Asks: 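Before I ask anything, here is the structure I am working with.
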Amino acid sequence: MDRMIHFKIKRQDGPNSPPYWEEFKMPYAPQHNCISALMYLREHPVNIKGQRVAPVVWESNCMEEVCGACTMLVNGVPRQACAALVDELEQPIRLEPLTKFPVIRDLLVDRQKMFDGLIQVKAWVPLDGSQDIHLHAPRISPVEQSLRYIFSRCMTCGCCMEVCPQYHDGSPFVGPAPLGQVALHNAHPTGGFFKADRLHAIMGPGGITDCGNAQNCVKVCPKDIPLTEAIGALGRQTTVQWLRDLLM
Amino acid sequence: MAKQSVIVVGGGLGGLWAALRLAEAGVSVDLFSLFPVKRSHSCCAQGGINAVLDIKGQHDSVEQHITDTIKGGDYLADQPPIKTMCEEAPGLIRTYDRMGVTFSRTPEGIMDQRLFGGVKNKRTCFAGATTGAQLLYSIDEQIRFHEAEGRVRKFEFWEFLSLVLDEQGVCRGLVALNLRSMKVEAFRADAVILATGGAGLIWGRSTMSTNCTGAAASRVYQQGAKFANGEFTQFHPTAMKGHDKLRLMSEACRGEGGRIWVPRKAGDTRAGRDIPEDERFYFLEEWYPTYGNTVPRDVASRAIVRATRHMGLGVRGQEIVYLDLTHKPREFLKNRLGGILEMYETFAGVDPYTNPMEVFPSMHYTMGGLWVSYEKDGHTGGMVRAHPRNHATSIPGLYACGECDFGYHGANRLGANSLLSASFSGRVAGDAVAAYIKSLKSATEKTPQGVFDAERRRQEEFNQAILARTGGENASTLHRQLGELMSEHVFVERDNAGLDKALAGIAELKERAKNIALDDQSGWANQLLPWARQVQDMLVLSEVMTKCARLRDECRGSHYKAEFELKQPAGKFAGDPEYEEYTAKWKANNEKWLKHSIATHTPAGPQVEYWPIEASVMAPEKPRDYR
Ligand SMILES: Cc1cc2nc3c(=O)[nH]c(=O)nc-3n(C[C@H](O)[C@H](O)[C@H](O)COP(=O)(O)OP(=O)(O)OC[C@H]3O[C@@H](n4cnc5c(N)ncnc54)[C@H](O)[C@@H]3O)c2cc1C
Ligand code: SF4
Ligand code: SF4
Ligand code: FES
């Protein structure tokens with residue numbers, strides 16, 4: 001028989017429907033990734049039993065591992081499915097939705113909570129308007145720039161949240177990704193003016209003390225963001241802030 | 001008057017800038033996007049953004065930026081907006097810097113600049129290898145602040161379907177599809193700004209993100225908005241082939257010494273690295289001895305097509321050539337091109353340090369787009385600030401900015417100029433709309449509900465008709481076939497016979513598209529329904545682009561028809577009689593063709609007319625000359 005690509009996909013018709021597994025086989029071609037394969041199956045949605053079924057639902061956009069949309073569990077590992085090459089995966093390839101976010105349908109999940117977290121920690125540099133004020137930001141050394149750059153590549157994909165034992169339905173913890181963004185903005189020369197606001201936002205329940213320091217997050221971040229180092233540093237800063245608040 | 005509100009469709013750089021300006025002006029903004037705005041295609045841009053800072057001792061000037069942009073576009077863009085964009089670019093960059101964009105720095109801690117294609121000076125600001133993402137994220141954060149303050153409401157996972165036009169034809173809001181509940185709803189607004197990006201998917205696959213279908217622009221075109229210069233799309237010579245996407249392999253690869261070649265023997269089955277030196281055909285080096293591999297984008301693209309399609313020398317007989325860096329030391333490559341090569345390795349699964357990369361030209365940027373106006377400042381020669389005519393489409397109350405409009409780039413876009421135009425045009429559109437809604441005589445809240453209900457029902461019926469159909473055409477198949485047609489006939493070189501074939505093919509696909517049936521009838525997060533509609537709308541837009549290409553019998557910028565090429569006399573320069581004769585011919589051709597092609601939708605297909613361009617800053621006296 002001709003070479004095939006074999007998928008086992010965890011499907012769910014809606015938020016309240018029970019999940020089920022469905023298998024698909026498609027003709028092999030080199031250089032397929034999991035999303036290009038799903039695109040093929042969208043055109044030829046026939047399962048392994050030969051039934052024509054509704055195509056799998058998923059989210060993707062850039063196909064270059066920069067937008068974060070296509071994050072899912074590929075053979076049990078949270079990653080960008082567009083960058084998961086079929087040739088490098090053990091078959092049957094298992095695709096599952098992320099488990100820390102509500103499933104909308106099939107592989108599509110609702111990651112709004114992550115974006116809400118960014119609001120909660122005030123992940124922005126406050127401006128007095130976007131008009132030109134004829135000044136740049138203050139000077140930033142190449143070293144500081146490269147440190148901030150590491151954090152600024154976060155694409156809110158959710159891999160780190162997926163593996164964080166402290167981040168789950170029953171916990172108010174904002175999770176590692178927004179904490180990384182606190183580190184980013186606190187390190188900006190003018191963003192740092194509002195360091196206290198951000199630290200306060202992560203001092204209460206759901207904040208930084210909820211991190212159990214399991215180190216899972218850093219291991220899966222596709223952008224190699226040193227989340228635990230940021231969390232460690234923020235922990236020290238919140239302690240200082242806590243003392244400062246006492247004295248005020 | 002009650003509090004006014006504006007809808008912005010699209011959250012790439014264009015849409016977010018527009019939303020930001022409106023929020024700052026105290027207008028409430030509803031921001032619509034197919035997905036979280038942070039995932040917009042703008043995040044794919046790697047190279048950088050142009051602004052004259054003149055920090056490298058080259059005496060770079062705003063005038064030079066204006067000249068480069070006008071000439072780069074082969075004079076086809078209206079010049080006052082270009083003038084203002086280049087003048088305001090440094091201020092825009094300063095604002096980005098204040099927002100916290102992680103721009104790469106000089107040892108002194110100021111923003112660094114580098115050289116980019118088509119210009120002589122270092123004018124491009126960059127943030128590592130992810131400039132687009134860094135710009136997008138920083139403005140996304142500013143919008144999140146306004147969201148927290150209640151000035152911006154986000155409608156993510158909503159798809160714009162159509163405008164709501166009142167009896168006078170004024171845009172009063174829109175109808176959108178909730179991509180989860182599949183509910184169609186109408187929304188009121190005092191104005192709508194469209195910032196929905198480029199249309200790469202019309203070529204099936206392109207370097208763009210897979211949501212860049214151009215469907216939204218097509219929808220407003222079908223409701224009466226004029227579409228300009230549709231025949232102008234930029235092709236990038238070196239993109240890596242993929243089933244899902246053609247991934248951009250930056251110009252930097254050739255800049256750093258990459259060599260383009262094909263096997264001399266047609267259909268050679270050996271792996272690239274096993275083919276001995278003397279059996280390799282370095283056609284760019286042979287055909288263009290002066291520039292070799294670093295010829296401009298369009299020249300490289302056409303040469304690649306010649307070597308493959310015309311000479312049959314493509315790698316393994318396919319439409320592929322080698323982009324070879326294997327002769328360079330690994331360390332050097334890692335330093336200079338690490339990010340790009342890593343991407344190649346990730347997606348091709350092949351090590352580009354030891355194997356020549358396989359590439360082919362790809363659709364890359366849409367210069368054409370929705371026609372938009374501007375108010376010229378008679379005094380400065382630029383645009384009047386915050387004027388309601390700036391970025392207004394031909395539908396009152398509808399504005400457009402970003403890649404979906406036609407401004408700034410004329411017949412060809414310079415590298416690193418579109419992150420600039422997307423940001424700048426968004427800012428201008430936001431200011432223009434703030435002024436427009438102030439001048440509105442009758443507020444949208446007075447528009448009868450019936451107008452909204454009628455448009456909503458029209459869209460619902462459209463959807464139901466598709467959902468009810470069984471056993472028809474597959475949208476993905478039609479899309480693939482459209483892509484094949486466009487990639488064959490509406491590509492880097494065009495001829496009228498081929499374009500006629502494309503038009504016939506599109507007409508046939510349009511017929512078949514009336515019969516699209518879905519494999520999914522679900523009323524929840526049904527992705528096939530919007531996809532089917534996008535494919536239909538892409539077909540409409542592809543017809544505009546192809547028809548305009550068919551009609552334009554000349555070569556200009558990215559649009560090339562060999563039959564009508566005016567050849568520059570080799571070795572001759574201004575003053576030589578041959579060159580003067582060529583210049584005279586060039587001017588005569590401009591008389592006829594230096595005009596915007598303006599398409600208007602009719603049931604029988606696009607009707608095309610030609611509008612003059614505004615060349616008040618720099619008259620087209622000299623042809624482009626990159627020698
Ligand atoms: C690979 C690549 C590299 C590039 N590199 C550079 C570079 O280095 N420098 C440079 O200057 N330019 C570069 N460009 C070009 C530049 O990235 C784009 O022109 C620019 O980002 C377009 O921005 P935009 O805001 O117009 O649209 P986009 O960023 O594409 O945003 C479009 C928005 O519209 C929304 N949308 C679309 N349709 C609908 C609908 N129907 N309903 C609701 N919402 C909708 C989407 O959700 C999205 O938010 C590059 C382009 C590519 C393809
Ligand atoms: S280190 Fe903290 S944030 Fe990271 S996974 Fe562990 S508990 Fe979660
Ligand atoms: S920190 Fe890394 S893993 Fe977490 S959301 Fe950002 S990019 Fe994804
Ligand atoms: S589609 Fe953007 S990361 Fe995969």
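Just so it is clear, the structure is predicted and the values come from calculations on it, not from any experiment. Within every chain, numbering begins at 1; the chains are lettered A, B, ... in the order of the sequence lines, protein sequences first and strands thereafter. Computation of the quantities below employed the complete heavy-atom set of this structure, encompassing side-chain atoms and omitting hydrogens, waters and symmetry-equivalent molecules.
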Asks: What closest approach, in Å, do H41(B) and N61(A) show between heavy atoms, and which atom pair accounts for it?
Replies: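 Shortest heavy-atom contact: N-ND2, 4.0 Å.
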Asks: Quick one: what part of L118(A) sits under 4.5 Å from any heavy atom of chain B, side chain, backbone, both or neither?
Replies: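 Both parts, backbone and side chain.
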Asks: M111(B) versus chain A, heavy atoms under 4.5 Å apart: side chain, backbone, both or neither?
Replies: side chain
Asks: Chain A heavy atoms under 4.5 Å from N211(B): which part of the residue, side chain, backbone, both or neither?
Replies: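 Looking at N211(B), backbone and side chain both touch chain A.
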Asks: Do Q145(A) and S104(B) have side chains that approach each other closer than 4.5 Å (heavy atoms only, starting at C-beta)?
Replies: yes
Asks: Quick check against the 3.5 Å criterion: does R427(B) have a side-chain atom that pairs as donor or acceptor with the backbone of Q131(A)?
Replies: no
Asks: So does R385(B) have more than 12 non-hydrogen atoms from other groups sitting under 6.0 Å from CZ?
Replies: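 At most 12 heavy atoms, drawn from other residues, nucleotides or ligands, come within 6.0 Å of this atom.
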Asks: Any salt bridge between R105(A) and D520(B), counting N to O under 4.0 Å?
Replies: yes
Asks: May I have the step-by-step check of side-chain contact (heavy atoms from CB on, under 4.5 Å) for D244(B) and N33(A), ending in yes or no?
Replies: CA-CA 9 Å; D244(B) 47 349; N33(A) 60 60; 2.9 Å; yes
Asks: Does H243(B) reach the main-chain N or O of P30(A) with its side chain, forming a donor-acceptor pair under 3.5 Å?
Replies: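 A pair under 3.5 Å: yes.
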Asks: With a 4.5 angstrom heavy-atom cut-off, which part of Q46(B) approaches chain A: side chain, backbone, both or neither?
Replies: side chain
Asks: Taking the side chain as C-beta and beyond, is there a heavy-atom pair between C44(B) and V66(A) under 4.5 Å?
Replies: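 Sidechains of V66(A) and C44(B): in contact.
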Asks: So which part of M343(B) gets closer than 4.5 Å to some heavy atom of chain A, the side chain, the backbone, both or neither?
Replies: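 Interface part for M343(B): side chain.
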Asks: In the structure I gave you, are the side-chain heavy atoms of D110(A) and F157(B) within less than 4.5 Å of one another anywhere?
Replies: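 Heavy-atom side-chain distance check fails, nothing below 4.5 Å.
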Asks: Considering only heavy atoms from C-beta outward, does the side chain of I110(B) approach that of R139(A) to under 4.5 Å?
Replies: yes
Asks: Is it the backbone or the side chain of K241(B) that comes under 4.5 Å from a heavy atom of chain A, or both, or neither?
Replies: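 Contact with chain A: backbone only.
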Asks: Please enumerate all residues that pass ring pair (Phe, Tyr, Trp, His ring centres under 6.0 Å) together with W124(A), with sequence neighbours excluded.
Replies: F145(B)
Asks: Assess, by modelled atom type and distance only, whether the side chains of S130(A) and E24(B) contain a donor and an acceptor separated by less than 3.5 Å.
Replies: yes
Asks: How many angstroms lie between atom CD of E141(B) and atom CG of L127(A), to the nearest 0.5 angstrom?
Replies: 10.5 Å
Asks: Any heavy-atom pair between the side chains of D13(A) and W524(B) that's under 4.5 Å?
Replies: no
Asks: Counting only non-hydrogen atoms closer than 4.5 Å, can you tell me which residues of residues 43-50 of chain A sit against chain B?
Replies: E43(A), P45(A)
Asks: What part of Y137(B) gets closer than 4.5 Å to chain A, counting heavy atoms only: side chain, backbone, both or neither?
Replies: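 Contact with chain A is through the side chain of Y137(B) alone.
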Asks: Counting only heavy atoms closer than 4.5 Å, note whether E108(B) contacts chain A via side chain, backbone, both or neither.
Replies: both
Asks: Counting N and O atoms only, with roles assigned by atom type, does the side chain of D97(B) sit under 3.5 Å from a partner on the main chain of H136(A), one being a donor and the other an acceptor?
Replies: no
Asks: Let me know if Y96(B) has heavy atoms under 4.5 Å from chain A in its side chain, its backbone, both or neither.
Replies: neither
Asks: Would you call Y149(A) and Q134(B) a side-chain contact if the rule is heavy atoms closer than 4.5 Å?
Replies: yes
Asks: Check whether NZ of the Lys or CZ of the Arg R42(A) lies under 6.0 Å from the centre of the six-membered ring of W531(B) and within 45 degrees of that ring's axis.
Replies: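 Yes, a cation-pi geometry.
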Asks: Can you tell which part of A525(B) gets under 4.5 Å to a heavy atom of chain A, answering side chain, backbone, both or neither?
Replies: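 Contact with chain A involves both backbone and side-chain atoms of A525(B).
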Asks: Ignoring hydrogens and geometry beyond distance, is a side-chain donor-acceptor pair present between T102(B) and S152(A) at under 3.5 Å?
Replies: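 Checked: T102(B)/S152(A) side chains pair up, N/O donor to acceptor below 3.5 Å.
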Asks: Please check if atom CD in Q51(A) has more than 12 non-hydrogen atoms from other residues, nucleotides or ligands closer than 6.0 Å.
Replies: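 Atom CD in Q51(A) is packed in, count exceeds 12.
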Asks: Inspect the contact between K245(B) and E64(A) and indicate whether a charged nitrogen and a carboxylate oxygen are less than 4.0 angstrom apart.
Replies: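 A salt bridge is present here (some side-chain N lies under 4.0 Å from a carboxylate O).
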